[in-house]
S.K.: 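Pasting in a structure now, in structure tokens, and then I'll have a few things to ask.
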There are 2 protein chains.
Amino acid sequence: MMRDIQQNRLDEWKAMGFHPNNCPVRQVLDHVAAKWTTLILLELEGGPQRFNALGRALPDVSKRMLTQSLRNLERDGLVNREVFGTKPPSVAYGLTDLGASFLAPLHAMISWADEKFPSINAARTKFDME
Amino acid sequence: MMRDIQQNRLDEWKAMGFHPNNCPVRQVLDHVAAKWTTLILLELEGGPQRFNALGRALPDVSKRMLTQSLRNLERDGLVNREVFGTKPPSVAYGLTDLGASFLAPLHAMISWADEKFPSINAARTKFDME
DNA sequence: CAGCATCCGTCCGGATACTG
DNA sequence: CAGTATCCGGACGGATGCTG
């Protein structure tokens, strides 16, 4: 019964091309979700960085995750990857215009978090007491 | 060696109270990450909703996840939970002022995603071709 | 230096069944 | 109606070792 209602709603969404698994917004939010990508973007805000420099700036990101995160960002056109054929080889990562434009809404969220964190913490400890 | 550098940087962060695991901003971003919480907040933007009404509005959220998400939001003071001692019992969820204030930065991200999605998609398909 | 490959534990979240 | 309890697969991500 409720199952049918849900199914109908799902069908509506599919018809609109809005099923959550291919939702444009979700795919962007997943970058925010991705635990490291935002830190990377913020770090690149100061200018392009080499791979290991990024690793040193973000100490608790493993090389594996750093590579993976950078690939995802590169794939979505937020970050560009420039290879220098030197020896040993070096690679620089920098923000694209698209990536840079993402910093505005990101900073908006961060500011909100900064500003409201006392309230959140208060609510949290109160909730946990009961 | 690099390990030492990383450890030093980590220590600095700890001294500043900024270790990623208790970072205020991270904890807020984790709400965005949480896959359902944002949809819930957006749904509540239209006004308070009862539990099952929310479930019907968000068809692909299981009851389990809906409960869990609402608890997290309630814990952080973004959502309030009002119980009516009727029979059968009913519960309404609504945005707090804090929760409502979060919608601004959230909408900023959504707008960005909406606006830039064509570019992202283009970058993505180009990346995948090579 | 800048990765990739592999193994492996953890946790997120779905499905299902049951309760006051 | 509004949840809780349990089971479970699969994805996320850390540690380690190897490569051009």
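Note on naming: letters A, B, ... go to the chains in the order of the sequence lines (proteins, then strands), and numbering restarts at 1 for each one. Quantities reported herein were computed from a predicted structural model and do not represent experimental measurements.
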S.K.: Might you point out which heavy atoms bring B:Val28 and A:Ala113 nearest each other, and give the distance in Å?
M.R.: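 Result for this residue pair: CG2-CB, 3.5 Å.
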
S.K.: Looking at residues 76-91 of chain B, who's got a heavy atom less than 4.0 Å off DNA chain D?
M.R.: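 Hits under 4.0 Å, by residue number: B:Arg81, B:Pro88, B:Pro89, B:Ser90, B:Val91.
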
S.K.: Roughly how many Å is it from CD1 in B:Ile40 to C1' in D:dA2, rounded to a whole number?
M.R.: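 Whole-Å distance recorded here is 14 Å.
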
S.K.: Could you pull out all residues at least two apart from A:Arg71 that satisfy side-chain hydrogen bond (donor to acceptor under 3.5 Å, both in side chains)?
M.R.: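 With neighbours one apart ignored, the set is A:Tyr93.
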
S.K.: Does the side chain of B:Arg56 get closer than 4.0 angstrom to OP1 or OP2 of D:dC1 through an N or O atom?
M.R.: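 Indeed, a polar side-chain atom of B:Arg56 lies that close.
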
S.K.: How bent is the helix from C:dC1-D:dG20 to C:dG20-D:dC1, comparing axes over its five end pairs at each side, to the nearest 10°?
M.R.: 50°

S.K.: Starting at the 5' end of DNA chain C, which residue's closest nucleotide do you reach first, B:Ser62 or A:Arg50?
M.R.: A:Arg50

S.K.: Do A:Phe84 and A:Leu70 sit in the same hydrophobic cluster, where Ile, Leu, Val, Met, Phe, Trp and Tyr count as joined when their side-chain heavy atoms come under 4.5 Å apart?
M.R.: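 As far as the 4.5 Å side-chain criterion goes, A:Leu70 and A:Phe84 are not connected within one cluster.
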
S.K.: Closest heavy-atom contact between A:Val32 and B:Arg26?
M.R.: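 Taking every non-hydrogen atom into account, O-NH2, 3.7 Å.
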
S.K.: Which pair of heavy atoms, one from A:Leu98 and one from A:Asp76, lies closest together, and at what distance?
M.R.: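 A:Leu98 and A:Asp76 have their closest heavy atoms at CD2-O, 3.6 Å.
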
S.K.: Can you tabulate the close N/O pairs, meaning under 3.5 Å, that link protein atoms to atoms of nucleotides 9-12 of chain C?
M.R.:
none

S.K.: Which heavy-atom pair separates A:Ser101 from A:Pro105 by the least distance, and what is that distance?
M.R.: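 Heavy atoms only, the tightest pair is O-CD, 3.4 Å.
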
S.K.: Under 4.0 Å between a Lys/Arg side-chain N and an Asp/Glu carboxylate O for A:Arg124 and A:Asp128?
M.R.: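 Salt bridge between A:Arg124 and A:Asp128, a charged N being under 4.0 Å from a carboxylate O: no.
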
S.K.: Distance check needed: D:dA11 P versus A:Asn72 CG, whole Å only.
M.R.: 15 Å

S.K.: Considering only nitrogen or oxygen atoms on both sides, find all protein atoms under 3.5 Å from nucleotides 6-8 of chain C and state each distance.
M.R.:
residue	atom	partner	partner atom	Å
C:dT6	O4	A:Arg64	NE	3.1

S.K.: Do A:His31 and A:Asn72 have side-chain N/O donor and acceptor atoms under 3.5 Å apart?
M.R.: no

S.K.: Does a side-chain heavy-atom distance below 4.5 Å link A:Gln68 with A:Trp36?
M.R.: no

S.K.: Mind checking side-chain hydrogen bond (donor to acceptor under 3.5 Å, both in side chains) for B:Asn121 and listing every partner two or more places apart, or none if nothing turns up?
M.R.: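 Listed in chain order: nothing, the list is empty.
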
S.K.: Any heavy-atom pair between the side chains of B:Leu103 and B:Leu95 that's under 4.5 Å?
M.R.: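 Yes, at least one pair of side-chain atoms sits under 4.5 Å.
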
S.K.: Please tell me if the side chains of A:Arg56 and A:Gln49 come closer than 4.5 Å, counting only heavy atoms from C-beta onward.
M.R.: no

S.K.: Rounded to whole Å, how long is the line connecting atom NZ of B:Lys63 with atom C1' of D:dA5?
M.R.: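 For the pair B:Lys63 NZ and D:dA5 C1', the rounded distance is 12 Å.
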
S.K.: In whole angstrom, give the distance that lies between atom CZ of B:Arg71 and atom P of C:dG13.
M.R.: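 So the two atoms are 17 Å apart, to the nearest Å.
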
S.K.: Taking all atoms of both residues into account, what is the closest heavy-atom pair of B:Thr96 and B:Asn80, and its distance?
M.R.: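 Reported closest heavy-atom pair: CG2-N, 3.7 Å.
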
S.K.: What's the CG-P distance between B:Leu58 and C:dG14, to the nearest Å?
M.R.: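 Whole-Å distance recorded here is 12 Å.
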
S.K.: Quick check: closest heavy atoms across A:Phe117 and B:Gln27, and the distance to 0.1 Å?
M.R.: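 So the two residues come closest at CE1-OE1, 4.1 Å.
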
S.K.: Within this structure, what is the CZ-to-C1' distance between B:Phe51 and C:dG20, rounded to whole angstrom?
M.R.: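 Nearest whole value for this atom pair: 15 Å.
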
S.K.: For the pair made of CG in B:Leu66 and P in D:dA5, what is the distance, rounded to whole Å?
M.R.: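 B:Leu66 atom CG is separated from D:dA5 atom P by 17 Å.
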
S.K.: Hey, does the side chain of A:Tyr93 come within less than 4.0 Å of C:dG3's phosphate (OP1/OP2), counting only N and O?
M.R.: yes

